[in-house]
Amino acid sequence: MEYNFREIESKWRKFWAENQTFKAEDNALKPKYYVLDMFPYPSGAGLHVGHPLGYIASDIFARYKRLQGFNVLHPMGYDSFGLPAEQYAIQTGQHPDKTTKENIARYREQLDKIGFSFDWSREVRTSNADYYKWTQWIFTQLFDCWYNNKTQKTERISSLIHFFATLGNSSIDATTDCELTFTAEEWNGFNHEKKEAILQQYRLAYLADSWVNWCPALGTVLANDEVINGVSERGGHPVEQKKMRQWSMRIKAYAERLISGLDGLDWTDSIKDQQRNWIGKSQGCSVNFQVEGFLDTEKVIEVFTTRPDTIFGVSFLVLAPEHPFVATLTTSERKDAVESYVKASSLKTERDRQANVKNISGEFLGSYAIHPFTGEKVELWIGDYVLASYGTGAVMAVPCGDQRDWDFATHFGLEIKNIFKNIDISEAAYTEKEGVIADSDFLSGLTVKEAIPAAINAIEEKQIGKGKTNFRLRDAVFSRQRYWGEPFPVYYKDGLPHMIDTRYLPVVLPEVENYLPTADGQPPLGNAAVWAWDTVDNQVVDKVNIDHKTVFPLELNTMPGWAGSSWYFLRYMDPHNATEFVSKEKVAYWNNVDLYIGGSEHATGHLLYARFWTKFLYDLGYISFDEPFQKMINQGMILGRSSLVYKASNMTFETSNQTEISNLFVSKFWYNYLTTKKNSKIFKLDKDDLFVQKMNLILGGEIVNSIELDSDPISMICSPRHVDISIVENDRLDIEAFKNSREEYKNAILVLEEEGIFVCGSEVEKMSKSKFNVQTPDELVDKFGADTLRMYEMFLGPLEQSKPWDTKGINGVHNFLRKLWRLFHDHENNFVVSDDAPSNDSLKTLHKTIQKLSQDLERFSFNTGVSNFMIAVNELSDQKCNNRSILRELLIMLSPYAPHIAEELWEKLGYEAGSINVASFPIFNPEYLVESSFSYPISFNGKVRFSVELPADMSREDVEAHVLKLDKTTQYLEGKTPKKMIVVPGRIVNIVV
RNA sequence: GCCCAGGUGGCGGAAUUGGUAGACGCGCUGGAUUCAAAAUCCAGUACUGCAAGGUGUGCGGGUUCGAUUCCCGCCCUGGGUACCA
């Protein structure tokens, strides 16, 4: 074999590992470049060809940056806590740590085969105690901080206590749930419990009773981004709302910075938009409505609106059914109806509420609010289209300007005031934010844009509300009722949470006998015997020692999956630091991630949480930047191409000797044939029909007389069945393998095509085990080599696009590498290169390639990069070029894409092994591309007719004169005089007739 | 519904500031080599037409000497989101 990729690739993998070729030095002399792949969860299924797509791209870029003289940090590790390992543990009784390690080993084996230039000395695993020690540490820091809105900065809780003790809380602008106002004297008079309860409402990590997404099937709480359409992201189980005491993260505090920070990031608009929508900033104003019959200032209904300009269009107010005032504001006549409505909506899950968007429902409370400007009575309603958890849980309904209010008003026959000048609202609300306001006292005649600030002014002057910004973003629930996650460094004393001193971290995950919740419904950690905190010896001790004096119960929840992944990119900079989560020097040198590659599915989860923690750590001065990922590329999904066989169904065979015909599979041609028959309403196939004849041929006699096709238009003549793609090649089924693949296929009758082959149908869909369309990288590496796989995955198309996987083209890429090999070898596979001066053609090919390749790499266009290598090798082969100086440069450029073959040939060229990784990327010299002549396309009215070779430096005027004199020009002019002539030197000539 | 991305041969895709649409690869057709096959090499391959030519980048308009590229309207596919006041 000439190009022995198996030998070459194993040789260099070994070399790289032994020589630690890709170890990144924490060296401040070279400029740094940080290339990171999104943290993988090591699933039991291993990698399929879709997974390494991004890794290959980032690896190419990392290697390219090394060639440019950068000190490259390109690490890999595992997000190794998580649900699947735990569920597997529940099923099999195996410790998740064991199965996780096995999965990681398999991942590593698969990754190693592809030749990535990861610095494995920096590997991190979130489930390692020396990693989660620092996750716990960060949690304690969050607990110890609050957010100052005035300075837009995180501060230590001690500064807040100082404020409280000297000024009370009324002058503090903090992100808080605290509604109580107190003076310094009052604060100083509070007992410890009361103080701590108040502080909880300020802490960034806080314990609170909150409505959570409870998933009974998984037995745990889920974050908002883990719930998709009312079911769990993992497993698709129903989710309901439940009030539970949970740890939460006050991410809301950072909402403004999380939105504005997006502007400086080099991410796709689509991800930025997703984050913006998720955070959901809306600017508006709060307005207080007095309630009729209540002088008590406590009974004021506060609403939030983004359209204060429509305040004179208010015709009723709607409260959420959960609004605290509902019971008191309901009159006795309306009591029964309102109570049953409140009860009915409390029983609805969030999903039901979402599903019934079209179903308008609500009840009149019987009481009235007072319009703050007109003094008119305004009906009070409840309706479940108003959400308790957003804004104030109450809205001022303006049916003329809001479609939901319009629908509600129309449904219940409520008044619809029109406050828009010359706008018809009889069919629908007018929701555009433009136009002129009418019938609105001091706002009349103003445009919407003028009226909004004018209304806010008036509202503020009247002291019935103020301009306000609301966010849709909710605080993130941080507790999970699971075993396989980071334990909280928290014990409980008198019902209050206390942090374990950071000196004693990590608090190591205890052993349990089983991974299910306890009989009394506690999380799995409730099963642990040794799970109490001894505040004297500062260690975890047996629960029997709990005395609530010096030994206390520990937290039973664990942290969610996103805890460990919110800061892992920092740990890679300093993975073995035992005294800090990352040293200041190292974080200052490496800074944030220059290039982050991963899927877009983390848009509102990981990518938001990691930004939040980064801003937090930045505020505290631990790190020197407040955005973690400067540039991000989201690779598209690789879809599987499934193969289908067609099982005959809904066909009735009329046979001469009662032969039972079942288990019949037809090839693609016959599938199309039968479908066409049915579609043209031919339901009976006679003896002279092609398919009947074919059947008799197979059965060996005149057995089938006719076939009846089911005439029901819905029924399918043949039902497609997935077959394993490993027994199909180029859509051709391996019939033997098919029959042996399943018991029921043993006696299958196959109706083949003319050529005696069985052709499968195909479908492009997500890669999954159940569709038998999973392609693992391992098989392809075995068959073609890692270099071929790397280049082929890149060759498929633009990185960001999702595309179907199809191995059809892989031969083309493999042939390219063999052709490259032949450039360096003669027919007998002897290594032969020439030291002669290269030809001008070869220099031109080389420099054209340098130019295109650099441009392609800079814009992450890896697919065109591969094409350019192919073009270069084709041209050099045609030129019979084997010049060392040309091939050397070509190899350097190729080494990021196909590192193994590049190393091998580099060594053969006589350079030091491994040194191609630190060679210099060739410099483009435009002189080699200078052409003496240019072939001008000559077009008439924009249509190209012919071309003519002219000197490249010919002036515009000369080109024009020359072209006009040509016979062909005269021919195409057909006797007419040109109106205008456009000459773009070096580009085109266009003659307008 | 709203937001975002995309729509180019038989297929994956290319065309970087508006300038020869279909690079490169697959597949297919024909040929060379071979006892034969694989591999390799050569030629062809958008559609239509015998040809000259005509038509072509989802559809309909527009700007321009010239549009896959810019503008307006629409259709389709994929992703996100969903009573957010």
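Worth saying up front: this structure is predicted, and the values here are computed from it rather than measured. Chain letters run A, B, ... following the sequence lines, proteins first and then strands; every chain starts at 1.
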Does OP1 or OP2 of [N] have a side-chain N or O of [X] closer than 4.0 Å?
X: R945(A); N: G54(B); answer: yes
X: K808(A); N: G27(B); answer: no
X: Q274(A); N: U81(B); answer: no
X: N277(A); N: C4(B); answer: no
X: N863(A); N: G12(B); answer: no

What is the separation between atom [atom1] on [X] and atom [atom2] on [N], rounded to the nearest whole Å?
X: R307(A); N: C84(B); atom1: CZ; atom2: P; answer: 14 Å
X: I982(A); N: U64(B); atom1: CD1; atom2: C1'; answer: 9 Å
X: F304(A); N: C84(B); atom1: CZ; atom2: P; answer: 12 Å
X: E302(A); N: A85(B); atom1: CD; atom2: P; answer: 15 Å
X: R404(A); N: A82(B); atom1: CZ; atom2: P; answer: 14 Å
X: E601(A); N: G80(B); atom1: CD; atom2: P; answer: 10 Å
X: Q801(A); N: G13(B); atom1: CD; atom2: C1'; answer: 9 Å
X: Q855(A); N: A14(B); atom1: CD; atom2: P; answer: 16 Å

When the [atom1] atoms of [N] and [M] are considered, how many whole Å apart are they?
N: G30(B); M: C74(B); atom1: C1'; value: 45 Å
N: A67(B); M: U77(B); atom1: P; value: 30 Å
N: G78(B); M: G73(B); atom1: P; value: 24 Å
N: C65(B); M: U81(B); atom1: C1'; value: 46 Å
N: G44(B); M: G80(B); atom1: C1'; value: 46 Å
N: A21(B); M: U57(B); atom1: P; value: 12 Å
N: A39(B); M: A32(B); atom1: C1'; value: 14 Å
N: G12(B); M: C75(B); atom1: C1'; value: 25 Å

Parallel, tilted or perpendicular for [X] and [Y], by the 30°/60° rule?
X: Y897(A); Y: F869(A); answer: perpendicular
X: F924(A); Y: H847(A); answer: tilted
X: F5(A); Y: H814(A); answer: perpendicular

Base, sugar-phosphate or nothing for [X]? Non-hydrogen atoms, less than 4.0 Å.
X: S270(A); value: sugar-phosphate
X: V944(A); value: sugar-phosphate
X: N874(A); value: sugar-phosphate
X: Y972(A); value: sugar-phosphate
X: R641(A); value: nothing
X: N815(A); value: sugar-phosphate
X: T268(A); value: nothing
X: V992(A); value: sugar-phosphate
X: R818(A); value: sugar-phosphate
X: D273(A); value: sugar-phosphate

- Want to settle it: does G391(A) or S802(A) sit nearer the 5' end of RNA chain B, counting the closest nucleotide to each?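 Its nearest nucleotide being more 5', the pick is S802(A).
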- [ ] Return the 5'-most residue of the pair K852(A), N470(A) with respect to RNA chain B, ranking by each residue's nearest nucleotide.
- [x]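 It is K852(A) whose nearest nucleotide is closer to the 5' end.
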When both hydrogen-bonding distances must be under 3.5 Å and the geometry is Watson-Crick or G-U wobble, what is [N] paired with, if anything?
N: U63(B); result: none
N: A5(B); result: U77(B)
N: A51(B); result: none
N: U45(B); result: G27(B)
N: A32(B); result: U40(B)
N: U68(B); result: none
N: A15(B); result: none

Kindly point out which of [options] is positioned nearest to the side chain of [X]?
X: Y385(A); options: C83(B), A85(B), A23(B); value: C83(B)
X: R822(A); options: C41(B), G13(B), G54(B); value: C41(B)
X: T305(A); options: A85(B), G19(B), C24(B); value: A85(B)
X: F795(A); options: C65(B), G25(B), C84(B); value: G25(B)
X: R987(A); options: U17(B), G25(B), A82(B); value: U17(B)
X: R859(A); options: A15(B), U81(B), C84(B); value: A15(B)
X: S282(A); options: G12(B), C84(B), A85(B); value: A85(B)
X: D856(A); options: U16(B), U81(B), A85(B); value: U16(B)
X: T306(A); options: C84(B), C41(B), A85(B); value: A85(B)
X: T864(A); options: C41(B), G12(B), A14(B); value: A14(B)

(Q) Set out, in order, the CA-CA distance, both residues' side-chain angles and the distance that settles side chain to side chain contact (heavy atoms under 4.5 Å, CB included) for V448(A) and R307(A), then state yes or no. (A) CA-CA 9 Å; V448(A) 168; R307(A) 295 293 302 272; 3.8 Å; yes
**Q.** Proximity of W406(A) and Y430(A) rings by center, below 6.0 Å
**A.**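 No - the distance between ring centres of W406(A) and Y430(A) does not fall below the 6.0 Å cut-off.
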Could you tell me whether F408(A) and F316(A) have their ring centroids closer than 6.0 angstrom?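 Here the rings of F316(A) and F408(A) have centres that are less than 6.0 Å from each other.
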So, for V993(A) and L973(A), which heavy atoms are closest and what is the spacing to 0.1 Å?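 That closest heavy-atom pairing would be CG2-CD2, 3.9 Å.
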Is it true that Q403(A) and T431(A) share a donor-acceptor pair across their side chains at a distance under 3.5 Å?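 There is no such pair between these side chains.
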**OP:** Scan side-chain atoms only and decide if R611(A) and Q275(A) contain a donor-acceptor pair under the 3.5 Å cut-off.
**Re:**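 Indeed, the side chains of R611(A) and Q275(A) share at least one donor-acceptor pair under 3.5 Å.
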Can you tell me whether the base of G27(B) sits syn or anti, using the 90° cut around 0 to define syn?
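Anti, since the glycosidic angle lies more than 90° from 0.
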| task | Could you tell me whether the side chain of S286(A) and the main chain of K466(A) form a donor-acceptor pair under 3.5 Å? | result |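 Here the side-chain-to-backbone pair exists.
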